[in-house]
Number of protein chains: 2
Amino acid sequence: MTSTKAATDTSPRSAPKEGSGVVPAEQRRQRLSPDERREQIFACAQKLFALRPYEEVSATDIAAAAGVARGLVNHYFGNKRGLYLEVVRLNSTVSEVAVATLPDGTLQERIDASVTWFLDTLEHTGGTWLALGSGGMGRDPDLERILVEAENDSVERLMEAMGLAGRGEGQEQVRAMMRVYAQLARSGAREWLLRKTLSRRQVHTLLSGTLLGIVRDAVPALTPATGPHRGPA
Amino acid sequence: MTSTKAATDTSPRSAPKEGSGVVPAEQRRQRLSPDERREQIFACAQKLFALRPYEEVSATDIAAAAGVARGLVNHYFGNKRGLYLEVVRLNSTVSEVAVATLPDGTLQERIDASVTWFLDTLEHTGGTWLALGSGGMGRDPDLERILVEAENDSVERLMEAMGLAGRGEGQEQVRAMMRVYAQLARSGAREWLLRKTLSRRQVHTLLSGTLLGIVRDAVPALTPATGPHRGPA
DNA sequence: AGAATTATTGACATCATGTCAATAGACCGT
DNA sequence: ACGGTCTATTGACATGATGTCAATAATTCT
């Protein structure tokens with residue numbers, strides 16, 4: 001439109017010149033199995049996206065880091081966005097080990113154990129997860145869906161640990177409250193690990209106290225007269 | 001480089017052809033004062049950024065919406081990013097009216113009033129503010145700074161309302177806890193207004209209860225033995 | 001070995017962004 | 001009114017990023 005360059009449209013495609021010269025030393029092409037290559041590119045992308053924000057990482061950068069032609073990135077992941085979403089999806093779930101192994105003690109004890117486990121996990125696997133809920137660039141529907149989905153997993157496990165699992169009634173609302181709490185947990189962890197304004201003990205107190213309060217007060221408060229309709233028994 | 005179009009490079013700059021033809025009806029150029037024009041462009045950008053995510057809004061779109069050449073956007077805001085940051089900065093602060101007019105009753109009462117005011121404000125000024133903390137695109141240092149700064153404002157006012165203002169000691173840590181709480185508040189409001197999973201009453205209960213718990217339990221818990229050093233009295 | 005398969009490449013075409021000289025509105029003094 | 005000055009505004013670059021696709025070369029199979 002703007003530039004009328006158009007050129008020989010009938011010619012199929014001019015053959016790549018390949019001209020520059022020989023490539024330094026290494027073997028010129030390393031041919032891998034699709035799975036391997038995909039994973040390799042993915043790893044590089046993960047590293048780069050953790051380093052600087054989305055739009056400052058070019059597909060060229062990723063390809064270069066993987067030692068690969070840029071086109072290959074698109075070949076495996078469609079587009080940069082798709083690749084990014086996969087990276088996020090992987091990093092947005094907190095590892096799901098050892099939730100079944102919770103004590104059967106009082107609510108307070110179970111909460112303490114959960115919080116301890118949560119903080120332990122974070123202390124090791126560290127920052128990537130924390131960064132997610134933070135900066136609010138353009139809220140993206142797909143991205144948000146991924147994040148919400150991951151949050152739902154955590155919430156489900158949290159409810160199980162709290163013994164709030166199978167109550168059909170206010171289920172959806174309890175879930176919502178746990179989701180809200182999850183934001184608090186994330187934010188608290190951020191103050192601890194990223195900004196370093198709170199000690200671990202303080203965060204622990206904050207999180208467990210708050211969770212106890214919610215489970216004890218807010219959750220029961222919605223069971224008697226829950227929805228807009230559906231009167232009390 | 002790629003396309004050898006180049007053309008007469010010695011000529012200073014080929015004069016704009018201006019060719020197409022006369023422009024429909026309106027006056028061709030509307031010359032405004034810089035302030036007016038700036039504001040107008042800003043308004044259009046705000047509208048568009050509220051509608052779709054950052055990178056799906058092109059500078060061309062903004063310019064078109066404002067009925068202006070794309071170059072003018074850059075002239076006034078430097079680059080698209082700068083414009084976006086300004087939009088965010090404006091929308092990231094919750095209006096600061098009427099915090100001074102808080103009752104002097106019990107803590108519980110003051111909290112209820114604060115939460116009520118908060119929810120009222122949100123109910124009117126609505127969604128833009130809520131969307132901010134949500135999607136986590138590339139966490140961006142500048143953007144994050146703006147968000148944190150705005151959050152600090154809210155936190156400051158919140159502390160004032162809670163009567164936690166001038167305690168020199170754990171000040172920074174109290175602030176951190178309030179910041180954490182602010183995330184909970186935002187998240188709760190989101191469940192109410194955006195996802196519609198909780199009623200206003202439920203959110204109110206959740207927020208006020210949690211805040212009460214924090215102010216009553218978590219905050220005092222850090223004053224006796226606050227930092228890593230500084231032993232108990 | 002040679003044929004067949006397919007992972008990989010590199011060159012487009014398109015689009016977005018930022019820059020800047022040139023242009024044309026508006027305002028002024030005369 | 002009129003010409004001159006100021007500057008808001010434009011449009012054409014230059015650059016870089018993205019996605020597509022036929023051509024190429026590294027494997028595997030026979």
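By convention in this document, chain letters (A, B, ...) are assigned in the order of the sequence lines, proteins followed by strands, and residues within each chain are numbered from 1. Below, each value reflects all heavy atoms present in this structure, side chains not excepted, and no hydrogens, waters or symmetry copies.
- The distance between atom CD of Gln30(A) and atom P of dA25(D), rounded to the nearest whole Å, is 17 Å.
- Distance from the side chain of Ser58(B) is smallest for dA16(C) among the nucleotides dA16(C), dA8(D), dG18(C).
- In this structure, the OH atom of Tyr54(B) is 11 Å from the C1' atom of dA16(C), given to the nearest Å.
- The nearest heavy atom of DNA chain C to Lys80(B) and to Leu72(B) marks one nucleotide each, and the one closer to the 5' end goes with Lys80(B).
- Rounded to the nearest 0.5 angstrom, Ile41(A) CD1 and Ile62(A) CD1 are separated by 9.0 Å.
- Asp61(B) has its CG atom 7 Å from the P atom of dA16(C), to the nearest Å.
- Side-chain atoms of Arg190(A) never come within 3.5 Å of backbone atoms of Leu194(A) as a donor-acceptor pair (strictly under, hydrogens ignored).
- Taking 4.0 angstrom as the limit, Tyr76(A) places a side-chain polar atom (N or O) nearer than this to OP1 or OP2 of dT8(C).
- Less than 4.0 Å separates DNA chain C from at least one heavy atom of each of the following residues of residues 64-71 of chain A: Val68(A), Ala69(A), Gly71(A).
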Name the atoms and distances for all side-chain donor-acceptor pairs under 3.5 Å in residues 70-79 of chain A, with sequence neighbours left out.
{"from": "Asn74(A)", "atom 1": "ND2", "to": "Gly78(A)", "atom 2": "O", "distance (Å)": "3.4"}
{"from": "Asn79(A)", "atom 1": "OD1", "to": "Gly82(A)", "atom 2": "N", "distance (Å)": "2.9"}

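- One interatomic measurement links the two molecules: CG of Asp35(B) to P of dT9(D), which rounds to 11 Å at whole-angstrom precision.
- Candidate nucleotides dT8(C), dT18(D), dG19(D) were compared by shortest atom distance to the side chain of Arg31(A), and dT8(C) ranks first.
- The cationic atom of Arg201(B) (NZ for Lys, CZ for Arg) does not lie both less than 6.0 Å from the six-membered ring centre of Trp192(B) and within 45° of the ring axis.
- Residue Glu36(A) contributes atom CD, which lies 15 Å from atom C1' of dT8(C) at whole-angstrom precision.
- Between Tyr84(A) atom OH and dT18(D) atom P there is a gap of 14 Å when expressed in whole angstrom units.
- Not one N or O on the side chain of Asp153(B) forms a donor-acceptor pair closer than 3.5 Å with the backbone of Ala150(B).
- Protein atom NE2 of His75(B) is 12 Å distant from nucleotide atom P of dT19(C), rounded to whole Å.
- In this structure, Asn74(B) reaches the bases: a heavy-atom distance under 4.0 Å links it to at least one base atom across the strands shown.
- Note: CZ (Arg38(A)) to P (dT6(C)) measures 18 Å, nearest angstrom.
- For dT8(C), the base has no donor-acceptor partner in the side chain of Arg37(A) [N/O atoms by modelled type, under 3.5 angstrom].
- Phe77(B) comes within 4.0 angstrom of nothing in the nucleic acid, heavy atoms only.
- No side-chain donor-acceptor contact under 3.5 Å links Asn91(B) to the backbone of Val88(B).
- Using modelled atom types and a 3.5 Å distance limit, the side chains of Glu151(A) and Gln183(A) yield a donor-acceptor pair.
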